[in-house]
2 protein chains.
Amino acid sequence: MSSGNFKQELFSQFARVGKALGNANRLELLEFLAQGERGVEALAQVSSLSVANTSQHLQHLKQAGLVIGRKQGQQVLYRLAGDDVIALLDSLRRVAEQRLADVDRLVAQYLREKDSLEPVPATELLERARNGTVTVLDVRPAEEFAAGHLPGAINIPLAELEAHLNHFQLNEQVVAYCRGPYCVLAYDAVSRLREYGFKARRLEDGYPEWQLAGLPVERGS
Amino acid sequence: MSSGNFKQELFSQFARVGKALGNANRLELLEFLAQGERGVEALAQVSSLSVANTSQHLQHLKQAGLVIGRKQGQQVLYRLAGDDVIALLDSLRRVAEQRLADVDRLVAQYLREKDSLEPVPATELLERARNGTVTVLDVRPAEEFAAGHLPGAINIPLAELEAHLNHFQLNEQVVAYCRGPYCVLAYDAVSRLREYGFKARRLEDGYPEWQLAGLPVERGS
DNA sequence: ATTATATTCAATAAATCAATTGAATAATTT
DNA sequence: AAATTATTCAATTGATTTATTGAATATAAT
């Protein structure tokens, strides 16, 4: 094999990973899997894809080495192959948000209207949590919370927010987080809590980025 | 715009970056640009693509926000948009090399035959360079060397290696580096130098990764 | 003004990709 | 053993991507 052929072959392999990331549906599936392992039907449901289509995309991701599946009875439970996949997704998102005007425009018109406050960096939240001067709110569904969450976080899905306002105190800050920096649920939670007079803000990242940074996490309900 | 539409739109934008990385030729172009800015004809030449094809790929990369072009006379000089692009390429390559059996197989059969020694980590090279106990060899073409290189490195393109053996001493280690971890030139250089009895090894990364790590660099010849 | 050079654009054909539909496979339940 | 459930596979269709070819555009040289 010549040097030129070798390089072409090598870059073709690298391109396989790029191709796997070149589809919006697969990126969304990866974000769901970043919260914890899940079966095909569950993934189809949260991403509004057919089961067959979801399965095809998962095969593609698997061939690219980004996810791993394990059998559990009739189900195949998929999970991300490793933290390096989260790092790759994080890196791709940073480049896109930094350099694509359309990303900025989308975020401005859809999210920043809801919450234009500066998000709280992870390190600052960690500091405040240690001082016991903040309530950490996880607005993801219960099974994602169970798979892993920030220490001391309370889990209130958005639909039940008003039924659990007793968790919050008017003189204490609330920091809400979700699946990633652009998860609408966190924005909505902050928006509504602020309407009730609570000092609410968003965490800068989602749970996967927190975990990737090596920060402490808890599991279970 | 509904929440679902927003997410789809956002992931579609992220997918644009993924698509840009889903082609072997574009990945190679990005690796060349990671060594310094270059014109279309020069890029076409080193990548063995037609000028029209190269230009098309560069337009694609530009639309994805990965490269920037500036006019200089008749030429358009392209460069990477920023260090975050190098970080993204690094991340993608790490995932591929970690999780694709084909990558390992290719490297084993084509590169590890030439040089199966453990590469030298950047931090170790920095330490040795400070002690003055190592010769740093850059085997890239002169214009890439001029655009940026490791401090104190000497530049000997591979074709001229034998004509410059006086640069090396038998009792001192030589560390060779190139465009990236899989650049054949560094492997060849190490292989040949070892044939002449020199204590040669490869640097773990290429110049772009060294620079991304914030390590000191020099410019000019 | 004309020619040369470098780059980009547009049209085309071939290859690849994504979603759908229905079939096939595997595991579990009845 | 048969039926149900969960997943994957295969074929098809339409959309997208890539390389090629020739034309168009912009800049520089003559």
Side-chain angles (χ1 to χ4, degrees), chain A residues 4-5 8-9 11-30 32-33 37-64 66-79 143, chain B residues 4-5 7-9 11-30 32-33 37-79 143:
Chain A
N5 275 1
Q8 262 303 309
E9 274 297 316
F11 279 119
S12 288
Q13 292 304 316
F14 295 167
R16 282 171 68 196
V17 177
K19 281 175 200 268
L21 303 176
N23 175 270
N25 290 328
R26 288 198 289 276
L27 288 178
E28 190 174 29
L29 289 172
L30 288 172
F32 285 124
L33 291 174
E37 79 175 351
R38 203 123 35 151
V40 182
E41 275 202 6
L43 285 166
Q45 196 161 14
V46 291
S47 54
S48 302
L49 298 173
S50 73
V51 172
N53 199 13
T54 301
S55 181
Q56 268 181 186
H57 283 304
L58 287 168
Q59 295 311 310
H60 194 150
L61 291 172
K62 192 173 154 193
Q63 296 292 332
L66 299 179
V67 306
I68 296 170
R70 73 178 172 94
K71 262 298 210 163
Q72 195 189 58
Q74 283 178 279
Q75 281 195 314
V76 179
L77 296 181
Y78 284 94
R79 68 181 190 275
E143 66 270 27
Chain B
N5 275 359
K7 276 187 73 178
Q8 261 304 310
E9 274 297 316
F11 280 119
S12 289
Q13 292 304 315
F14 295 165
R16 283 172 66 197
V17 177
K19 283 177 200 270
L21 303 175
N23 176 270
N25 290 328
R26 287 199 289 278
L27 287 178
E28 189 173 29
L29 289 173
L30 289 171
F32 284 125
L33 291 174
E37 78 175 350
R38 203 125 34 152
V40 182
E41 274 202 7
L43 285 167
Q45 197 161 12
V46 290
S47 56
S48 302
L49 298 173
S50 71
V51 171
N53 199 13
T54 300
S55 180
Q56 265 182 188
H57 283 303
L58 288 167
Q59 295 312 309
H60 195 150
L61 292 172
K62 191 172 152 190
Q63 296 294 330
L66 300 179
V67 306
I68 296 171
R70 73 178 172 93
K71 256 317 202 149
Q72 195 188 59
Q74 284 178 279
Q75 282 193 313
V76 179
L77 297 180
Y78 285 93
R79 69 181 190 276
E143 69 270 26

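In what follows, chains are A, B, ... by sequence order, proteins preceding strands, each numbered from 1.
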Check whether any side-chain nitrogen or oxygen of [X] sits under 4.0 Å from OP1 or OP2 of [N], and answer yes or no.
X       : N      : result
A:Tyr78 : D:dA6  : no
B:Lys19 : D:dT17 : yes
A:Gln75 : C:dA27 : no

Between [atom2] of [N] and [atom1] of [X], the distance in whole Å:
X       : N      : atom1 : atom2 : value
A:Glu28 : C:dA18 : CD    : P     : 15 Å
A:Leu27 : C:dA18 : CG    : P     : 11 Å
B:Leu21 : D:dT17 : CG    : P     : 14 Å
A:His60 : C:dA18 : NE2   : P     : 6 Å
B:Phe11 : C:dA18 : CZ    : P     : 16 Å
B:Arg38 : C:dT7  : CZ    : P     : 13 Å
B:Gln45 : C:dA6  : CD    : P     : 11 Å
A:Leu61 : C:dC17 : CG    : P     : 13 Å

Identify, with sequence neighbours excluded, every residue that meets side-chain contact (heavy atoms from CB on, under 4.5 Å) alongside [X].
X       : answer
B:Ala44 : B:Val51, B:Thr54
B:Val76 : B:Lys71, B:Tyr78
A:Ala24 : B:Gln8, B:Phe11, B:Ser12
A:Ile68 : A:Arg79, A:Ala81

Exercise for the section: Spell out protein contact along nucleotides 19-30 of chain D as letters: B when the base is contacted, S when just the sugar-phosphate is, - when no protein heavy atom is under 4.0 Å; keep the 5' to 3' order. Expected result: BBB-----BS--
Problem - Greater than 12 external heavy atoms within 6.0 Å of B:Gln59's CD - result: yes
Handout entry: Main-chain N/O of A:Ala20 paired to A:Arg26 side chain as donor or acceptor, under 3.5 Å
Key = yes
Exercise for the section: If a pair satisfies salt bridge (charged side-chain N to carboxylate O under 4.0 Å, His left out) and one of its residues is in residues 13-24 of chain B, list it, with sequence neighbours excluded. Expected result: A:Asp102-B:Arg16
